[in-house]
Amino acid sequence: MTKFEIIQIIAGTVGTLGFTVLFNIRSKRLVFTVLGGFLSWTLFVVFSKFMESESLNYFLVAFIMTAYAEIVAMIIKSPTTIFITTTLVPLIPGSSLYYTMANAFAENRAGFVEKGIHTLSLAAALALGIIIATAITKITKDFIRNRKEQ
């Protein structure tokens, strides 16, 4: 891992800590949300070395971190939203959105469309990872609950 990648991971962790404080999350929830932010960007950096598709990378990290959030929420008995929201903060495609808007204001239609589609694909990959992991978790919980009732 390069020095630049380590700095990125630290920045992602600090960014997650900032949102955790902003959302007034305390005690052990704070530890798990910050750990989640650290893990999400670490996974993103590691997966980037093996995958060329940035959208697939976003999807996989969102899927894994949503599963993490669901598991932590069950263990701590807290809402899952707290963990999903904060752990995925480092994955918000801010630079892509910035360049989309910069092209729009520069009246560069081709650049705007290209960056806009890229930004939407990243956002869709994040959303799809969250949706699929949440659905699998719900199905698994319902299956376990039904097995216990029988």
*Asks:* Give, for atom CD of Q8 and atom CE of M1, the distance between the pair rounded to the nearest 0.5 Å.
*Replies:* 9.5 Å
*Asks:* With a 3.5 Å distance limit and no angle check, can you tell me whether S40 reaches the backbone of T87 through a side-chain donor-acceptor pair?
*Replies:* yes
*Asks:* Does some side-chain heavy atom of I82 sit less than 4.5 Å from a side-chain heavy atom of F23?
*Replies:* no
*Asks:* Atom CD1 of I84 and atom CD of E70: how far apart are they, to the nearest 0.5 Å?
*Replies:* 5.0 Å
*Asks:* In Å and rounded to the nearest 0.5 Å, what is the CZ to CD1 distance from F4 to I9?
*Replies:* 11.0 Å
*Asks:* Taking C-beta and beyond as the side chain, do Y68 and L35 meet within less than 4.5 Å on heavy atoms?
*Replies:* yes
*Asks:* Surrounding NZ of K3 (heavy atoms of other residues, nucleotides or ligands, distance under 6.0 Å), is the total greater than 12?
*Replies:* no
*Asks:* To the nearest 0.5 Å, what is the distance between OG1 on T137 and CD1 on I132?
*Replies:* 11.5 Å
*Asks:* Could you tell me whether F105 and F112 have their ring centroids closer than 6.0 angstrom?
*Replies:* no
*Asks:* Would one find more than 12 heavy atoms of other residues, nucleotides or ligands at under 6.0 Å from atom NZ of K28?
*Replies:* no
*Asks:* How long is the straight-line distance from CG of L122 back to CD1 of I117, given to the nearest 0.5 Å?
*Replies:* 12.0 Å
*Asks:* Between T16 and W41, is any pair of side-chain heavy atoms under 4.5 Å apart?
*Replies:* no
*Asks:* Check whether any side-chain heavy atom of T20 sits under 4.5 Å from a side-chain heavy atom of R29, and report yes or no.
*Replies:* no
*Asks:* Check T86, L39, L17, V14 against V34 for a side-chain contact (heavy atoms from CB on, under 4.5 Å) and give me the one that passes.
*Replies:* L17
*Asks:* Indicate yes or no: at least one non-hydrogen side-chain atom of L88 is less than 4.5 angstrom from one of T66.
*Replies:* yes
*Asks:* Looking at Y99, I'd like to know if its OH atom is crowded, meaning that more than 12 non-hydrogen atoms belonging to other residues, nucleotides or ligands lie closer than 6.0 Å.
*Replies:* no
*Asks:* Do Y58 and P93 touch side chain to side chain, with heavy atoms closer than 4.5 Å?
*Replies:* yes
*Asks:* Quick check for you: to the nearest 0.5 Å, what is the distance between T80 atom OG1 and I130 atom CD1?
*Replies:* 11.5 Å
*Asks:* Please answer whether the main-chain N or O of N108 pairs with a side-chain N or O of N103 as donor and acceptor at a distance below 3.5 Å.
*Replies:* no
